[in-house]
Amino acid sequence: MKKLVNELDQYVTEMLNGLVSANPSLRRVEGTQVLVRRELSAKVGLVSGGGSGHEPAHAGFVGTGMLDGAVSGEVFTSPTPDQVYAAINEVNQGKGVLLIIKNYTGDVMNFEMAADMARAEGIDVAQVIVADDVAVENSTYTIGRRGIAGTVFVHKIAGAAAEAGLSLQEVHRIAQKVTENVRSMGMALTPCTVPANGKPSFDLEEQEVEIGIGIHGEPGIERTSLQSANATAEFLFGKIVNDLPLTSGDEVAIMVNGMGATPLSELFIVNHHVADLTSEKKLKVHKTLIGEFMTSLEMAGFSLSVLKLDEELKKFLDAPTSAPAWPR
Amino acid sequence: MKKLVNELDQYVTEMLNGLVSANPSLRRVEGTQVLVRRELSAKVGLVSGGGSGHEPAHAGFVGTGMLDGAVSGEVFTSPTPDQVYAAINEVNQGKGVLLIIKNYTGDVMNFEMAADMARAEGIDVAQVIVADDVAVENSTYTIGRRGIAGTVFVHKIAGAAAEAGLSLQEVHRIAQKVTENVRSMGMALTPCTVPANGKPSFDLEEQEVEIGIGIHGEPGIERTSLQSANATAEFLFGKIVNDLPLTSGDEVAIMVNGMGATPLSELFIVNHHVADLTSEKKLKVHKTLIGEFMTSLEMAGFSLSVLKLDEELKKFLDAPTSAPAWPR
Amino acid sequence: MEFGLNQFKEFITEYAQRLEELKSTLNELDNRIGDGDHGTNMARGFQVANQQLQAKNPTDIGTACNTVAMALLGNVGGASGPLYGTIFMKLASVFKEKLSVDDEMLLNGFLFAKNGIIERGKAQYGDKTMLDVWETATSFLQSNVGTNRYRDLMTVVQEAVLETRDRVAKKGRAAYLGPRSAGTCDPGSVSSGLFFEVFVRALDGEGAIIRWETLVL
Amino acid sequence: MEFGLNQFKEFITEYAQRLEELKSTLNELDNRIGDGDHGTNMARGFQVANQQLQAKNPTDIGTACNTVAMALLGNVGGASGPLYGTIFMKLASVFKEKLSVDDEMLLNGFLFAKNGIIERGKAQYGDKTMLDVWETATSFLQSNVGTNRYRDLMTVVQEAVLETRDRVAKKGRAAYLGPRSAGTCDPGSVSSGLFFEVFVRALDGEGAIIRWETLVL
Ligand SMILES: Nc1ncnc2c1ncn2[C@@H]1O[C@H](COP(=O)(O)OP(=O)(O)O)[C@@H](O)[C@H]1O
Ligand SMILES: Nc1ncnc2c1ncn2[C@@H]1O[C@H](COP(=O)(O)OP(=O)(O)O)[C@@H](O)[C@H]1O
Ligand SMILES: [Mg+2]
Ligand SMILES: [Mg+2]
Ligand SMILES: [Mg+2]
Ligand SMILES: [Mg+2]
């Protein structure tokens, strides 16, 4: 394991300190792994989070027009309920709090326990569970799909809705609409190594890739041989549009998300073909995001997300935000 | 070699297409590898560039308040004079053009030939050569130091000065001031692979690192064993502040730049200690940038840059920009 | 058989220690079909639980279980945090204010714990989760009343753990692997198997140490 | 000896082909002390130069050199683009409108080319750049007038290339490596050595093919 680290059990703490000291608009809630906006305003609060190792998610999306608080667990480990509760409690301004949860057993259980704690304290808490990963067929398992990079669209759009002063119920409805209209799928060229574990999350031969990965270094749904960037983009795009009812003329937002070690140039090359694919399908690409949004440490690979837009979603997608990790 | 690519000789072309199709404010100059702002304004033009493989540099810094044009050569290969000339010619609005050149033999020669061509056409061209890498002692070689990530500060500050309507002479003076006050140094945990070459740029044992690397996958000035993040940060910081005359109370800007494959969390961990080091030195950190600004494909490692600020530099550093790769 | 407060404390101390020993085994299993953190999560959580138990020195088993539950809920995270937290919360509710518990109460506690896992995790027997082990263990204890039942429990539990190997996961992170999840023992089942191994030893002072690292890898 | 237009064209065709053959050798050398692109740069540039030469089919050597120079300037990039571009621009100025050139004019062209390298790159002999080869080649040609001088040139050039191995680079990208640049032949010197190899063959139809890949790696 070759990493820029100090004591491994200080990984998350030092990371959060280094992040906060670079972002004066963030504040760490004393004694917790929760980062919140330094200036909270009287509106519905938005909390998201999960394990660490997905940087810039989730703290990079804290800012006006996006999240109010981000909770970081240990690397790839859902945060504990008390941490999530601390975030809810801190951002609550009396207008209620929306939790944005990725659909993993651990995340869901910990966030829901925190929501129960908060409700017991009289805080109005709603939640949306993001399950955008089309790699797993919905029907086979009762657990539903995983939540992956599409979650960032929920942060952005629900965040803008909250910033606009909408009620918890309305913000929840809009967040829900995003989750219903976003689909993603990812692939890996290399594994990643959880610092506390020290071993690569899987082994791949020189020309093997994992298709349909989550965001925690897990193996994907299948192992295949590496195809060209075009063929890979086509495969993921095909899976996504098979699942998302789109008709010619529809407007979409695209996200090409690097898993951590993929050069930006390769993500641009992928998008070069995604642009062809969308135009073949006669989709109107309203916005394309390319970069690292929801990573898996130093994994190489990418995920593709497609969000079907309507006028309401477009308005909030385009609204300004000060969150450091949302691109201009 | 494991990369998301198609035909290798289309690497740069497809990359530029993918980038432009995601950034409606950019335009590719027909038949060239030059990207320019779609809307140019009547001001001094700024052109930078170099080989590809440094993304988001250089095209990611094209936008209001930063660059007007970016020229991309083949991967790690300085662009040819005709390409640079095309950029100069395109962004020139009659107020002259400033070239921001990193100090590499190839870059300097190709950009200077282009400047000569442009001058022959009556365009007023000035240039600044960035040589911020303290890894190489100035005295030993006549070629001067390399230009690395500190270049991005020149883009930002000179860009803001040009946007403010200053003359070519003034913008040049300010750019020059930045180059005189910025120092950087980098290290690598892993090599990178130039697509057309197909082989890693060097081989490292599991616990070896290269110290004092450039941004083209070159080996560094020495090979050592991997230290902790703190010790590594301390070493680079020490080299930098030894060279940059700083006294207690000075204001600085810090950049912790990922080389391509380093998880953002590790860069935050590095910054956690850089924050300690600056405060020990009683430096006032005005701004910290953490992320990928000037990369070497999928190399793991980072560079640290310190820019000594004065009121003028601070003003332009803080000025707004629309460049996609400059963080909020 | 009686299970006293001190035995409970020893149980936690030894479980924490065994988890530390088996940390990399559990991580390795979780690497293969999950995200590689189950050993780290469990070892971290039970280390804190053990420390807090020493520090707070509760005077009845119910309170001790509660101390452990709170430590786990606040320090494990992931899927296993809420699940093991629930196990000890349920035990706490059954063992409330008790200085020592008998066979029947133990069985009752385990049944409550098992139902807690189901409520929280919504898994069924055979889904390749720790529930597979808890179902097997509790139904064995329920239907086998006799002197050797705790020693025999270990044989049954060990089998239950190994039976998870060939199953396709239907719950938890491994479920996303689909058929590829078959062939690896479920890490949570191993940590639960270890739970019963250490419990039996704490109860009668003799139960065997199982070499999980060779059995499950 | 006379060097005619057709020989020049053959020279470019064969140089382009040899560069393609030696591309990975040149890249490998550049990997060790530079950025690994010298072979790719040269092969790409001379492929285009050769194509443009076929397409434009110039009728004198001066124009042919100019065509090559422009192709290199527009397609090589890096440090070698302007330098090889300069070499052919200088040759063009000396060979202007010539259908064939004699020994003296050849020498004159090479001297101009060498000085062009110095003007553009500001290197000195011994800095571990292609100039080391050009200095050696031109001064050999200058001081050795006789029938065998072109064949002997190859021995001298080969030595000059190999002599760059132990030098510490003072110019170009390798200079940043400091003492670590010693131990590897300079890639630009190898491509220049190849230049003379192919030139000698184009001139007298017989010069040997040098196995650079085994000599320099
Ligand atoms: N729904 C569930 N019901 C019961 N046990 C579960 C469930 N989901 C996961 N588990 C157990 O949790 C274990 C994984 O725990 P751990 O690795 O610590 O958490 P995570 O999966 O969040 O990384 C699995 O091996 C499995 O035994
Ligand atoms: N200043 C210089 N003068 C002469 N030759 C030089 C100079 N700098 C570099 N070179 C030559 O250029 C070669 C490298 O070319 P290349 O790899 O194509 O460009 P780059 O170094 O820009 O990647 C070196 O091996 C050396 O021979
Ligand atoms: Mg986990
Ligand atoms: Mg180069
Ligand atoms: Mg796990
Ligand atoms: Mg090179």
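We name chains A, B, ... by the order of the sequence lines, and we start the count at 1 in each one. Computation of the quantities below employed the complete heavy-atom set of this structure, encompassing side-chain atoms and omitting hydrogens, waters and symmetry-equivalent molecules.
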A.B. asks: Looking at B/Val194, B/Asn110, B/Ile213, which has the largest count of heavy-atom pairs under 4.5 Å with chain D?
C.D. replies: B/Asn110
A.B. asks: Of the listed residues (D/Gly74, D/Gly36, D/Gly121), which shares the most heavy-atom pairs with chain B below a 4.5 Å separation?
C.D. replies: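 The candidate making the most pairs under 4.5 Å is D/Gly74.
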A.B. asks: Of the backbone (N, CA, C, O) and the side chain (C-beta and beyond), which part of D/Asn41 lies under 4.5 Å from a heavy atom of chain B, both, or neither?
C.D. replies: side chain
A.B. asks: Looking at B/Arg183 and B/Asp132, is there a salt bridge between them, counting it only when a charged N and a carboxylate O are closer than 4.0 Å?
C.D. replies: no
A.B. asks: Is it the backbone or the side chain of B/Pro191 that comes under 4.5 Å from a heavy atom of chain D, or both, or neither?
C.D. replies: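 For B/Pro191, neither part sits under 4.5 Å from chain D.
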A.B. asks: Measure distances from D/Arg44 to the heavy atoms of chain B and classify the residue's part below 4.5 Å as side chain, backbone, both or neither.
C.D. replies: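 It is the side chain, since no backbone atom gets that close.
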A.B. asks: Is the cationic atom of D/Arg167 (NZ for Lys, CZ for Arg) positioned less than 6.0 Å from the six-membered ring centroid of D/Tyr125 and within 45 degrees of its normal?
C.D. replies: yes
A.B. asks: Looking at B/Glu7, I'd like to know if its CD atom is crowded, meaning that more than 12 non-hydrogen atoms belonging to other residues, nucleotides or ligands lie closer than 6.0 Å.
C.D. replies: no
A.B. asks: Between B/Asp82 and D/Leu73, does the side-chain contact (heavy atoms from CB on, under 4.5 Å) criterion hold? Intermediate values first, please.
C.D. replies: CA-CA 8 Å; B/Asp82 54 317; D/Leu73 278 179; 6.0 Å; no
A.B. asks: Which region of D/Ser24, side chain (C-beta onward) or backbone (N, CA, C, O), has a non-hydrogen atom less than 4.5 Å from a non-hydrogen atom of chain B, or is it both or neither?
C.D. replies: neither
A.B. asks: Could you give the distance from CG (D/Asp37) to OG (B/Ser201), rounded to the nearest 0.5 Å?
C.D. replies: 11.5 Å
A.B. asks: Between D/Arg173 and D/Asp35, does any side-chain N to carboxylate O distance fall below 4.0 Å?
C.D. replies: yes
A.B. asks: Under 4.5 Å heavy-atom distance to chain D, tell me which part of B/Glu210 shows up: side chain, backbone, both or neither.
C.D. replies: side chain
A.B. asks: Check whether D/Arg180 gets within reach of chain B through its side chain, its backbone, both or neither, counting any heavy atom under 4.5 Å.
C.D. replies: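 Only the side chain of D/Arg180 comes within 4.5 Å of chain B.
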A.B. asks: So which of B/Thr105, B/Ile221, B/Asn197, B/Thr193 has the largest heavy-atom pair count under 4.5 angstrom toward chain D?
C.D. replies: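 Winner by heavy-atom pair count: B/Asn197.
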A.B. asks: What part of D/Asp127 is in contact with chain B, defined as an atom under 4.5 angstrom from a non-hydrogen atom: side chain, backbone, both or neither?
C.D. replies: neither
A.B. asks: Any sub-3.5 Å donor-acceptor pair from D/Lys128's side-chain atoms to D/Ala174's backbone N or O?
C.D. replies: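 No; judged by distance alone, with no hydrogens or angles, the pair does not exist.
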A.B. asks: Is it the backbone or the side chain of B/Asn103 that comes under 4.5 Å from a heavy atom of chain D, or both, or neither?
C.D. replies: both
A.B. asks: Does any heavy atom of chain D fall under 4.5 Å from the side chain of B/Val108, the backbone, both, or neither of them?
C.D. replies: neither
A.B. asks: Could you tell me which of D/Lys23, D/Lys122, D/Arg120 has the largest number of non-hydrogen atom pairs under 4.5 Å with chain B?
C.D. replies: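 Of the options given, most contacts go to D/Arg120.
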A.B. asks: May I ask you to test the B/Leu297-B/Pro195 pair for a side-chain heavy-atom distance under 4.5 Å?
C.D. replies: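 Side chain of B/Leu297 against side chain of B/Pro195, heavy atoms only: contact under 4.5 Å found.
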A.B. asks: Could D/Arg201 and D/Glu10 be called an ion pair, given the rule that one side-chain N must be under 4.0 Å from one carboxylate O?
C.D. replies: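 Between D/Glu10 and D/Arg201 there is no salt bridge, as every charged N stays at least 4.0 Å from the carboxylate O atoms.
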